[in-house]
Structures are given as structure tokens and as C-alpha cells.
Amino acid sequence: MGDASVISGGFMSAITSSLRRRRFDSLVIGAGGGGLRAALQLARADATVAVVSKVFPTRSHTVAAQGGMNAALANVLPDNWHWHMYDTVKGSDYLGDQDAIEYMCRAASHLVVELEHIGVPFSRLDDGSIYQRPFGGQSQNFGGVQAARTCAAADRTGHAILHSLYQQNIRARTHFFDEYFALDFIKDDQGYILGALVLEIATGEPLLIEAKTTLLATGGVGQLFATNTNARINTGDGLAMSLRAGIPVQDMEFFQFHPTGIAGRGMLITEGARGEGGYLVNKDGERFMERYAPNAKDLASRDVVSRAIYMEVRDGRGCGPEGSYVHLKLDHLGSDVIKKRLPGIRETIKTFLGIDPINEVIPVYPTAHYTMGGIPTNRFGQVVMPIKKGAEEAVPGLYAAGECACVSVHGANRLGGNSLLDIVVFGRAAGNHIIEYLKEVRQHRPVDNESVEQAMARFLRWDARAQVEGQEETVDALRRSLQQVMEKYCGVFRDDTILTQGVEKVREIEARFQNVVLRDQSKCFNTARIEALELENLIDLGLATVISALARKESRGAHSRIDYPERDDLAWMKHSLYFKEEQRLEYKPVRTQPLTVDSFPPKKRVY
Amino acid sequence: MGYGVMRFSIYRYNPETDQAPYMQDYELETAPEMMLLDALEQLKVQDETLSFRRSCGEGVCGSDGVNINGRNGLACITALSSLTEPVEIRPMPGMPVIRDLIIDMAQFYHQYRSVKPYLIVHDPEPEVEFKQTPEERERLDGLYECILCGCCSMSCPSFWWNPDYFRGPAALLQAWRFLADSRDQATAERLEALDGTYRLFRCHTIMNCADVCPKGLNPTQAIGNIKKMMLTQLT
């Protein structure tokens, strides 16, 4: 989308040569749990590490995670990591990579304990050990009775973990670049990633951060959808940076709709509410999940519960004046349980609905929540893509972890409680691999000016766009259009007609983006400029999502095709890779071989 | 109130173009369920230059602390229906203004870092979690939930006067959060670091902090607890 030609070559080289520069061993982009866990690992290993974040670290979206983090501690009910692995593979609808899933589930207990040791205020059981609650998709003994695997700090687990990780990074003297927005990677002609061009939001000045390694931990892209549980900042910046650098994004058609967002508003009500004994009812007061998932009921996987709610509403059994949602019932739990285990959602419900869940039911509806897809990585956090030698070749110097990455441990559907686990496990794994990489690569490679100029051109182009002759578009209007298109044409249920229209409509939005003007041309803390840059990222990811969804002709996990209602393992048990160039797709096989145990072969998924 | 057209008066200042700050009037068609952040976002559609911080929109990230009709609070959980018109919105007082409603919180974060807001354990760690009884854990309730929005410190006269010496309510709440944690082993050094005329003892129990905290926390009480602990441990 460049019109760099407006800026002359001589002018540009003058700009790049006067750029402010900083140098670190390692650059981490994003200060949520994944970025901070990696940074902690690096800082403790005496690597110099810079963390760049567009918001102050504790404002990152990890802070909003509620219910908890899975680990088979067996503090409440019998458990082991192998059962957790089985549940995660099944939850992923067999699209998860089993080597990475084994690695994550094995590491979980150790890493929860480590978080506890650094200060996370987990809730406690009477014997003083960490409190665990049941969550969706959890079982004992490979599909048996319900497990209780989710370690919780009331319903503020993400807040507790993010703050503790930030605090330990203060202790480890990590360098923070707070309120800097990452624009583009710097790379050389050998394909090495050498850092990034970032924007200091307060001054509007660009800064070049040179680094031997760059880790993306920029989170998901929930802002693609009109109603979502996500923060305003979740615009997929790292994914879009990767796309622009020629790196594909994987499995973008799999977007999780959380069953219990507050209807019409989007605020998240944790799955822990059902873990503590809450359940869903339709307008007849029927506990309808019993029909859809006779065993797990309200604690079936999120994709299953979301589809059930959608169908109840579609078939006329929704609640409310327009029959447009269902009710989440907590009023039988008693005030003690709610005040002690679910204080955060009680506060949110009181604030936004003016009701108290101790006494009243809560209107809920499936709400866009989590990006299962992302930047393809291996279990060491290295970004991998087809270069010359197959689809798993590492991009030198580039790592990704957390929601922006696709390892893939979540496959087609993430289990509740596995995202906090994912960020900690793979943030740390990436940190460890970077430490090894830094031992091999002792020097900074020379920065390639052409790459810097390209990044600068994309950034400076906004200066020339105070006005466009003819049809002017605004960032806000275009973002709203995109979010509405995605919600309507790429929602819980999809088919060929809807998705084909969706692709067309997002392409129209992409075209209209050329006419967006930036009326505020000031430099100082220009949030309008940031929103424009974010919109550009969102559009690329909207395209990646609808195009990947149109191509996948089966139903698997969160991707439900009315025209292809069955899972098709023969044709489609494979990961999709979307490339920005030519908007094309490639595929790569699922890694079905775990590290040490037997593979879990695909079977029919019932709860 | 809070339904139909509402009037707003908003503090504006862009150092690139403005000699001095000024108040700008806006009008906006509102709906009953709207929060102040919704209004600010819609006003930004009218006027792209209006600048403020925001992220989660539900009171957990702490980005959008502003001064609303004279009182600090989070825009995203302040219902328009609770506000009298014209709604006067200013940056939180006491810190330098970067632009419009955005303040420079460096001093606030510096004070937070100064209290060593992290668990300190000197003994070797067990292979399992530290045991902590539910009662011991309950002592952290009302402390760990802080979101660092700054509403408390930015409404504290002692912090306004001595932001470089007085730690301020937010940082002191965190100091107490670790003093109160049964796992922490740095009690003596934490208390010693807070001794003296300013760091802790500039608190004059004015209680603005507890009054404005959007999370319902009580820094004044935490400060009182630190003082009590000092008396018993350092004497």
C-alpha cells in the first residue's frame, strides 16, 4: 500500500542517516505476559534486552485474563500432564502440533510453581497449596470425568501474573521503551531480522532499535470484530509486520468466539463462572447444554458451547425482548463463592449492567475473543516458514510467542486456561533459545539501509496524507466497516456464499484505505496516527482471515462451515499459511508426532 | 441526565500549537448506557486531535485515569448518567501534561519502582509452591488488585507537593502488599527504606486516595499498617 514515491531518494537517505539508534542483544516487541516472561529470561542471563510496548506494560491485554492457567498440579483432583495433553489435542480438534503440546503440558506445573515463587498471589486451598478450578474441556484419564486443572488468583489471574512479571523485570533491570509503537522490521538481504523501526509516541520521532534477535509478543487481533472481549490495543501489529516482511500467518481462519461475553457489549465473563458451578439457560429456563454435550455440559469446549448458544438463539429460544441472547445463571452459587472466587466479573457486571450476579442472571452471547492463528513458530519460539528447505525453516533472528504466534498448541480451538500457560511456556522457551543463539552470533550484523528506508517511507507517507482529492475516508469509519464486515461474514457459522462476499468486502475496504486522510498532522502523542497505523494492520489481517476461511472446506474447531459440516482429516488435517504477496495460501502438515509419548490419532470429538 | 445531548468541557493543550491550555466545549448525542470513554471516543470521531489514553475499556488496565468534574476516575467505568453537565474533563492534576488529557507519569512510576514492588525471598526455593494459608492469602486482598491508574496519587496533596520525595499512595499500597505477604523475606529492609521524614510520613491521612480509588482499595489504611509495623519492628 505504499506511495513512497512522493518522498525523494536524497531526502530519504538524509532522514535515515540522522535516525536515532539504540543497540541491544535482544529486542522484545510487546509487554504482555509472553514478552515479559521472555525478557525476564534474557535479563537474568545478562543479555541486554529492550522491551518495546505501545502501552505501559501493565496495560497490556494479559491483564484482562480472568479464569486461570492450566497445570496438572493435582491439588484438587487427580491429574497428570499426559491427560492435559490429551485434552489439549482433542480441544484443538486435532490441528494442534503434538510435539509442542507435549512440551507445554509437561512444562506447565514447573512454570506455575515458578510464577508462584516470583510472587503471583494465587488463591489457596486449605492446605496452603494453589487453588485449582474446573474449566472447559478438562478430563481425567483421557476423556473421563471432569478435572480441576486451572490455577487461579480469584478471577484476576492475568492481572496477577502480568504485574508479577513486570515487577520481576524491574528487579532484573530490563530496559523498557514504554509507549513506543513498532512500525516494521529491519532485515538484510540474507533474510536476517536485525531489529525494528519504532515510533516514540510522545514525540512522534522514529527510533531504530538494532538487535541480534527480535521477539514478537504483540498479542492477538480481536479488534477485527465489532463485538469482542479484547482491549482497544489488540490490533495484531506483530502479525501484520510479519506479513509485510514476507512471512506468512498460519491458521487465521480459526478465531475463537467466547461463549460468554456480555450480550451486545462484549465484556468477558470468565469460563471460571461455569467452572464454579454456573450454567446456561434458554428462555424456557432449560439447561440446554445437556442436549449438546451430555457429559461435559456447560464445560464442553468453547467452540461447542458457542455454537450451542448460537443455535438456541437462531431457533427462537433466546432470552430478552428480541430473543437475542441466553442467560448465564450464577444466582444459585451463593454470595460467598461469588465474592471470593469471582469478584472481578461481579464488579464488571455491576458496572456495565447495573445488576448483581448474586441475585440475577446475566445476558451472554458468543463474542470474538482469541486468535488461534498467528506467526508460525516451532516449540523453541523460532519463526519458521518455507524458505528453501521445507516449511519449518527458521527465519534467522526472529522469534514469536503468545497469542501472536502459532506454535501450534491451540490448533482449531483453544482450551480455556491454556493461553496464560502458552505465553509463559513459550515466552520462556523463546528466551532460552535466544540465549543460545546469542552465544553463536556474537556481533550485530550491519544494518541494511534500504530496509530502513522502506520502513521510513511507509511511516512518513502519512505526512503526505493530510488530504486526498475526492473521496476522503476516516480511520474510524473504515475500522467500523471492517469490524462489521468481519462479524457478519466471518462469524461463528460460515459458508461459501457468505465468505465469498466477505472477501470482496474486505478487499473493498483495502481499496478505500488508500483514501484515508490524517487530519491531525501533529507529532506530539498523536493517537490518530497510531490508530491509522493500526487500521492498516487490521485490514491485512482481516484479509488473511477471510481468505483462509473461504479456502478451508471443512468444519473443524472454531471454523464451522454450514456447507461442509464434517471434519475432513484426509484433505484438511493441515495448517494453512497465508502470504500477503498475491494474497495466496500454502499448506503444511500437522506435526502429529509428540516428543516421547504415542501420538493421539484423530477421532470423533464428543463432550 | 446522561440521555440526549450532553455538554462537555474538555482541557486541551498541544505543545506544538498552543501557547497555553484552554477548555473546549463539545456537545454529543448520548445514550443511557454510555460510559465516559464511549463519549470521548465519539468526540474523537468529531475531532481527531482530541487525545487521551485508553485500552481495555472495562476498568482493569488502568489507562484512562482522568479528572472528571473535579474528581479522578477511570473514564471507561464512569457512567455518563452519574455526571452533572457540563462534564468538565481535565488531565489528572500534579504531573506534567504531555497533551490534552495525557499526563507524563514518569514520576509516579519512579516512586512505584522505588519501593521494590516484587517478592524478595532469600532462602532456597522449594520444588513446589510456597505454602500460604487461605487466611494469609486473604491479607493480600485489597492490595494486589491495584491497576496503577494513578487516580490516588494524583489526588493526594502530599504527592502534589513532594512527588520527588513522597512515595505516594499507590507505591505505598504496593509496599504494604509485599510487607503483608507471608512469603516475603525483606520486611526489615523494606521498613528501613521507608523511614524518614518524607517517603512514608508525608501522608497526612487526608484520605483522598481511598475516596477516589476506582477499584475500591484503601491506600490510607495500608500506610497506617506500615506505620504500625514500623513501630513494632523498628523499635
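Lettering follows sequence order; numbering is per chain, from 1.
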Does [X] reach the side chain of [Y], with side-chain heavy atoms less than 4.5 Å apart?
| X | Y | answer |
| --- | --- | --- |
| A:E114 | B:E125 | no |
| B:N14 | A:F525 | no |
| A:R171 | B:I120 | yes |
| B:T49 | A:S522 | no |
| A:I170 | B:Y112 | yes |

Contacting region of [X] [heavy-atom separation from chain B under 4.5 Å]:
| X | value |
| --- | --- |
| A:L125 | backbone |
| A:D178 | neither |
| A:I118 | backbone |
| A:F56 | side chain |

What is the minimum heavy-atom distance between [X] and [Y], and which atoms define it?
| X | Y | value |
| --- | --- | --- |
| B:L140 | A:P121 | CD1-CB, 3.9 Å |
| B:I147 | A:T58 | O-OG1, 4.5 Å |
| A:A231 | B:S55 | CB-OG, 3.4 Å |
| A:F352 | B:G57 | CZ-O, 3.5 Å |
| A:Q168 | B:L119 | NE2-O, 3.7 Å |

[X] versus chain A, the contacting section by heavy-atom distance below 4.5 Å:
| X | result |
| --- | --- |
| B:K44 | side chain |
| B:I77 | both |
| B:P15 | side chain |
| B:L37 | side chain |
| B:V60 | both |
| B:I98 | both |
| B:Y109 | side chain |
| B:Q174 | side chain |

Could you tell me the separation between the [atom1] atom of [X] and the [atom2] atom of [Y], rounded to the nearest 0.5 Å?
| X | Y | atom1 | atom2 | value |
| --- | --- | --- | --- | --- |
| A:I530 | B:S51 | CD1 | OG | 11.0 Å |
| A:D476 | B:Q42 | CG | CD | 9.0 Å |
| B:D141 | A:S123 | CG | OG | 7.5 Å |
| A:L268 | B:C56 | CG | SG | 11.5 Å |

Quick one: does any side-chain atom of [X] pair with a main-chain N or O of [Y] as donor and acceptor, under 3.5 Å?
| X | Y | value |
| --- | --- | --- |
| A:H159 | B:C146 | yes |
| B:R99 | A:A202 | no |
| B:E129 | A:I130 | yes |
| A:R59 | B:R54 | no |
| B:E16 | A:K523 | yes |
| B:E48 | A:R519 | yes |
| B:Q132 | A:G128 | no |

Closer than 4.0 angstrom, basic N to acidic O: yes or no for [X] and [Y]?
| X | Y | value |
| --- | --- | --- |
| A:R124 | B:E138 | no |
| B:E145 | A:R156 | yes |
| B:R53 | A:E179 | yes |

Could you check which of A:G119, A:P343, A:A64 has the highest count of heavy-atom pairs closer than 4.5 Å to chain B?
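Counting heavy-atom pairs under 4.5 Å, the top option is A:G119.
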
With a 4.5 Å cut-off on heavy-atom pairs, point out which of A:H61, A:H163, A:K340 contacts chain B the most.
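So the answer, after comparing A:H61, A:H163, A:K340, is A:H163.
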
For B:K116, I'd like to know if atom NZ has over 12 heavy atoms of other residues, nucleotides or ligands within 6.0 Å.
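Atom NZ in B:K116 is not crowded, with 12 or fewer foreign heavy atoms closer than 6.0 Å.
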
Counting only heavy atoms not in A:R346 (residues, nucleotides, ligands), do more than 12 fall under 6.0 Å from its CZ?
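For A:R346, atom CZ is crowded (more than 12 foreign heavy atoms under 6.0 Å).
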
When you look at B:E33 and A:R265, which way does the salt bridge (Lys or Arg N to Asp or Glu O under 4.0 Å) test go after all the steps?
CA-CA 10 Å; B:E33 75 279 8; A:R265 307 293 291 274; 5.6 Å; no

For B:S63 and A:R232, does a side-chain donor sit closer than 3.5 Å to a side-chain acceptor?
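No donor-acceptor contact under 3.5 Å links the two side chains.
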
Heavy-atom pair count under 4.5 Å with chain A, highest-scoring of B:A79, B:P134, B:G216, B:C149:
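Max contact count across the listed options: B:P134.
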
Return the option, out of B:R113, B:K131, B:M105, with the maximum number of heavy-atom pairs under 4.5 Å with chain A.
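Answer, by heavy-atom pair count under 4.5 Å with chain A: B:K131.
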
Check the orientation of A:H117 and B:F130. Use parallel for under 30°, tilted for 30 to 60°, and perpendicular for over 60°.
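Ring orientation of A:H117 relative to B:F130: tilted.
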
Go through the steps to decide whether A:D126 and B:R137 satisfy the test salt bridge (Lys or Arg N to Asp or Glu O under 4.0 Å), and finish with yes or no.
CA-CA 11 Å; A:D126 286 341; B:R137 169 61 183 76; over 6 Å; no

If you take the centroid of each ring, where Trp contributes its six-membered ring, are A:Y166 and B:Y118 closer together than 6.0 Å?
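Not under 6.0 Å, so no.
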
